[in-house]
Amino acid sequence: MIKITLPDGAVREYPEGSNSLDIARSISEGLARKVIAASVNGEVWDATRPIQNDAELRLLTWNDTGGKSTFWHSTAHLMAEAVESVFPGVKFWVGPPVENGFYYDMDLGGRQITEEDLRKLEVKMTELAARQSRFIRKEVPKAEAIHFFREKGDEYKLDLLEQLKDGEITFYTQGGFTDLCRGPHIPDTGYIKALKLTNIAGAYWKGDEKNKQLTRIYGVSFPSKKELDEYLLMLEEAKKRDHRKLGKEMGIYTMDDDVGPGLILWMPNGTIIIEELEKLAKETEQAAGYQRVVTPHIAKENLYLTSGHLPYYQDSMYPPMELEGVKYYLKAMNCPHHHKIFAAEPRSYKDLPLRLAEYGTCYRYEQSGELFGLMRVRCLHMNDAHIYCSKEEFAQEFRAVNEMYLKYFKIFGIEKYVMRLSLHDPANLGKKYINEPELWLETEAMVRKVLQETNTPFVEVSGEGAFYGPKIDVQIWSAIGREFTLATNQVDFAQGRRFKLEFTNRDNRPETPLIIHRAPLGTHERFIGFLLEHYAGKFPLWLAPQQVKLLPISDKYLGYAQTVLESLKNADIRAGIDDRSEKIGKKIRDTELARVPYMLVIGEKEMTAGKVSVRRQGRGDLGEQDVESFIREIKTEIKLRS
RNA sequence: GCCAGAGUAGCUCAGAUGGUAGAGCAGCUGAUUUGUAAUCAGCUGGUCGGGGGUUCGAUUCCCUUCUCUGGCUCCA
């Protein structure tokens with residue numbers, strides 16, 4: 001007998017070789033039906049795999065992350081089985097579960113796959129699932145595994161095998177399909193009741209663009225039809241808050257083929273938001289001891305040779321324009337210009353920290369396939385600043401920047417984000433990263449220490465640093481689930497020396513400052529894209545392009561509405577009148593849909609009493625109020641940015 | 001940049017196996033003067049993304065190009 005410890009601490013005894021399904025069944029049949037995998041001593045196992053020793057057991061269902069990923073991983077195998085039957089001779093690479101489903105990469109030998117094929121594959125998969133084929137696990141000696149895939153002629157799996165040792169190789173078979181796989185899997189294919197193959201994509205083998213491109217098929221599956229329908233509904237909902245749709249609908253921005261890809265034209269409504277954000281940034285930065293500067297959009301080649309942009313960042317820059325034998329580049333970052341401002345005057349330790357801020361316009365030649373609405377563009381306006389400080393001041397300054405982030409996030413109600421400590425990748429020193437291994441390690445440790453001291457939760461990722469130093473990135477997700485860096489806080493140990501920046505320290509000696517690059521509000525483009533989705537277009541009052549709309553019941557009250565409008569405008573409130581000869585219901589409907597925060601209904605009653613009837617978007621009628629008190633209240637709401 | 005898909009009126013979408021296109025909403029005009037999420041009527045609006053080819057004839061078929069979209073690679 002073996003002792004099984006359940007999550008509630010209960011210890012039960014079972015015959016040796018019992019599996020998780022048996023154990024679940026001993027608790028209840030209902031539970032057994034829901035179990036799709038199990039965590040055995042912290043490791044996710046097949047629910048059907050025999051347990052030989054005492055163990056801590058946690059049964060996993062669809063509602064556990066481990067359960068879902070097992071379910072999707074198994075569906076990837078089911079898809080592979082279907083693909084193999086429809087396209088014989090196909091070679092497979094890997095087929096893992098992902099955040100919302102699964103994919104499998106394969107080499108179809110030059111054959112093209114169409115949307116129609118996906119529908120066929122779905123039918124085939126449904127058919128195979130209904131057979132309830134068991135997933136059978138088998139430990140295989142390496143030699144036998146190699147033999148199997150040699151026979152099959154699958155060089156991709158042979159490549160995978162190369163990194164595996166004898167004794168750690170397992171095969172899984174379901175129906176007529178056998179795959180090299182670590183597992184685990186669901187008990188049988190019958191668990192998969194609903195599925196959808198969502199798209200076809202190219203994916204470079206091993207993620208390297210120099211390698212051959214394989215065909216990747218994405219899909220998602222569920223234990224019931226109901227869950228699939230809910231998922232599809234959720235996708236529909238997400239589409240409604242897509243910033244590209246809202247941006248168009250609300251007159252925020254547009255793009256034009258003649259202007260160029262990735263170049264945003266901000267319309268009046270979008271520009272209002274930009275100006276409000278800049279106002280916030282200026283207030284915040286002034287309070288934090290920043291000074292504002294303004295710099296040009298271009299500079300001579302030499303500046304970028306000095307900064308290191310040309311060797312390390314050239315691919316992302318627009319090609320130069322040449323005038324009188326001198327090459328000029330559009331700036332991709334503001335830092336070199338700011339460094340020149342630092343260098344323009346002799347600096348003392350007494351001037352430090354020197355904080356130079358600019359909403360700088362940068363141009364980056366992003367690859368055409370990367371452009372994405374407002375989130376990834378080629379002309380961007382960065383909430384940029386550079387802080388020049390001594391090593392001793394660094395921790396304090398870096399911490400202050402982090403605190404500024406959190407202050408902003410509170411204002412915008414940003415709760416779902418991840419702080420990422422982005423480090424260099426030693427393999428890319430001298431290529432993607434400035435070749436200063438010790439300085440990398442030193443500054444990375446400095447940043448890590450600040451994060452730890454401030455108890456900031458973060459994840460560490462290698463190979464995401466800037467070319468001049470490590471950074472903290474704040475990751476957010478778009479409505480359709482794509483991940484982006486919203487804000488960034490970077491250390492730069494390289495450019496100070498490259499630009500020969502110096503200040504005179506207390507010992508009357510020249511010293512090179514450390515530089516912090518920071519952009520808590522990221523860029524206008526990405527930030528407003530994010531805000532559109534975050535608020536689903538329903539901006540808080542202070543950001544709303546139009547804050548108040550006056551809705552006269554009929555033309556008779558237009559005159560009174562005009563006087564109210566004047567009062568609002570005098571109070572710097574963005575307001576307008578709906579003077580169409582429509583019924584009030586229509587005016588309300590249109591204004592609600594336009595997401596204007598406040599509506600003021602004006603008719604006989606209001607005109608006589610010198611009042612307005614206030615209606616809040618999404619909330620409905622709030623009753624009558626004096627014009628003056630209404631203005632006072634919303635001025636407060638605007639001022640507090642609540 | 002690579003793989004795949006899409007581009008018809010301002011928006012959402014129909015449509016023709018090749019004979020130059022239609023609806024709703026929006027817009028405009030008129031009627032209506034309205035009390036908290038759609039008043040009625042009429043009208044305007046499109047070289048069916050651009051260029052080239054095949055054809056008596058192309059928005060439809062072919063080629064090419066641009067843009068957008070889903071991924072890959074890359075990144076604020």
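Naming: A, B, ... by sequence-line order, numbering from 1 per chain.
- The P atoms of B:A21 and B:G45 are separated by 14 Å, rounded to the nearest whole Å.
- Here A:Lys212 lies out of heavy-atom contact (under 4.0 Å) with every strand.
- Of the candidate nucleotides B:G70, B:C72, B:U36, B:C72 has the atom nearest to the side chain of A:Tyr204.
- Between A:Tyr218 and the phosphate of B:C72, there is a side-chain N or O to OP1/OP2 separation shorter than 4.0 Å.
- Between the CD1 atom of A:Ile602 and the P atom of B:U33 there is a distance of 21 Å, given to the nearest Å.
- In this structure, A:Glu525 reaches neither bases nor backbone, as no heavy-atom distance under 4.0 Å exists between it and the strands shown.
- Spacing between atom CG of A:Leu371 and atom C1' of B:C66 amounts to 13 Å, rounded to whole angstrom units.
- Residue contacts for A:Thr114: at a heavy-atom cut-off of 4.0 Å it reaches no nucleic acid atom on any strand shown.
- A:Phe530 has its CZ atom 18 Å from the C1' atom of B:C75, to the nearest Å.
- Relative to the side chain of A:Leu380, the nucleotides B:A76, B:U36, B:G27 differ in distance, and B:A76 lies closest.
- Taking atom CG of residue A:Leu197 and atom C1' of nucleotide B:G5, one finds them 16 Å apart after rounding to whole Å.
- If you check every strand for non-hydrogen atoms under 4.0 Å, A:Ala203 touches sugar and phosphate atoms only.
- Put simply, NZ on A:Lys239 is 13 Å from C1' on B:U12, counting in whole angstrom units.
- Judged by distance alone with a 3.5 Å cut-off, a donor-acceptor contact links the side chain of A:Ser581 to the base of B:U32.
- Ring to ring, A:Tyr253 and A:His524 are not that close: their centroids are 6.0 angstrom or more apart.
- Ring centroid separation for the pair A:Tyr468 and A:Phe493 does not come in under the 6.0 Å cut-off.
- Between A:Tyr365 and A:Tyr318, the ring centre distance stays below 6.0 Å.
- Using a 4.0 Å heavy-atom distance criterion, A:Ile200 is classed as a base contact.
- For A:Tyr365 against B:G1, a side-chain-to-base donor-acceptor contact under 3.5 Å is absent.
- We find that CG of A:Asp256 is positioned 14 Å from P of B:G50, with the value rounded to whole Å.
- One finds no side-chain N or O of A:Lys583 lying less than 4.0 angstrom from the OP1 or OP2 phosphate oxygen of B:C40.
- By the 4.0 Å N-to-carboxylate-O rule, A:Arg518 lies too far from A:Asp384 to be salt-bridged with it.
- Counting distance only, with no hydrogens placed and no angle test, the side-chain atoms of A:Arg376 and the base atoms of B:C74 include a donor-acceptor pair under 3.5 Å.
- At a cut-off of 3.5 angstrom, counting only N and O atoms as typed in the model, there is no donor on one side facing an acceptor on the other between the side-chain of A:Gln213 and the base of B:G1.
- No more than 12 heavy atoms of other residues, nucleotides or ligands lie within 6.0 Å of NZ in A:Lys239, so this atom counts as exposed by the packing criterion.
- Nucleotides B:G49 and B:U59 place their C1' atoms 11 Å apart, quoted to the nearest Å.
- A:Arg526 comes within contact range of at least one nucleobase, with a heavy-atom separation under 4.0 Å.
- Looking at the side chain of A:Thr488, the nearest of the listed nucleotides B:G35, B:A76, B:G1 is B:A76.
- Residue A:Arg364 is in base contact, counting any heavy-atom pair closer than 4.0 Å across all strands shown.
- Residue A:Gly585 is classed as a sugar-phosphate contact, given heavy-atom separations below 4.0 Å to backbone atoms only.
- Residue-level contact check: A:Leu486 touches the backbone only, with heavy atoms under 4.0 Å from sugar-phosphate atoms and none from bases.
- Using a 4.0 Å heavy-atom cutoff across all strands shown, A:Asp621 reaches at least one base atom of the nucleic acid.
- Nucleic acid contact for A:Phe484: none, since no nucleic acid atom lies under 4.0 Å from a heavy atom of the residue.
- Of the listed nucleotides (B:U67, B:A38, B:A76), B:U67 has the atom at the smallest distance from the side chain of A:Asp257.
- Using a 4.0 Å cut-off, some side-chain N or O of A:Arg244 falls inside it from OP1 or OP2 of B:G70.
- Within the nucleic acid shown, A:Lys432 comes within 4.0 Å of sugar-phosphate atoms alone, with no base atom in reach, counting heavy atoms only.
- A cation-pi arrangement is absent between A:Arg378 and A:Tyr363 under the rule of less than 6.0 angstrom and at most 45 degrees off the ring axis.
- Contact annotation: A:Lys587 does not reach the phosphate of B:U39 (side-chain N/O to OP1 or OP2, under 4.0 Å).
- Among B:U34, B:A37, B:G27, the nucleotide with an atom closest to any side-chain atom of A:Ser554 is B:U34.
- Among the protein residues, A:Gly251 comes within range of no part of the nucleic acid, since none of its heavy atoms lies under 4.0 Å from any strand.
- Considering only side-chain atoms of A:Val601, the nucleotide from B:U34, B:U36, B:G70 that sits closest is B:U36.
- In this structure, A:Ile113 and A:Gln617 both approach RNA chain B, and ranking their closest nucleotides by distance from the 5' end singles out A:Ile113.
- Taking the six-membered ring where the residue is Trp, the centroids of A:Tyr329 and A:His309 are separated by 6.0 Å or more.
- The distance between the ring centers of A:Tyr417 and A:Trp477 does not fall below 6.0 angstrom.
- A:Glu606 comes within 4.0 angstrom of a base, heavy atoms only.
- Each of A:Lys248 and A:Gly603 was assigned the nucleotide of RNA chain B with the nearest heavy atom; the assignment lying further toward the 5' end belongs to A:Lys248.
- A:Tyr560 places its OH atom 19 Å from the C1' atom of B:U33, with the value rounded to the nearest Å.
- B:G22 and B:C43 have their P atoms separated by 14 Å, given to the nearest Å.
- Residue A:Lys210 has no polar side-chain atom (N or O) positioned under 4.0 Å from OP1 or OP2 of B:C74.
- Between the OH atom of A:Tyr557 and the C1' atom of B:U34 there is a distance of 9 Å, given to the nearest Å.
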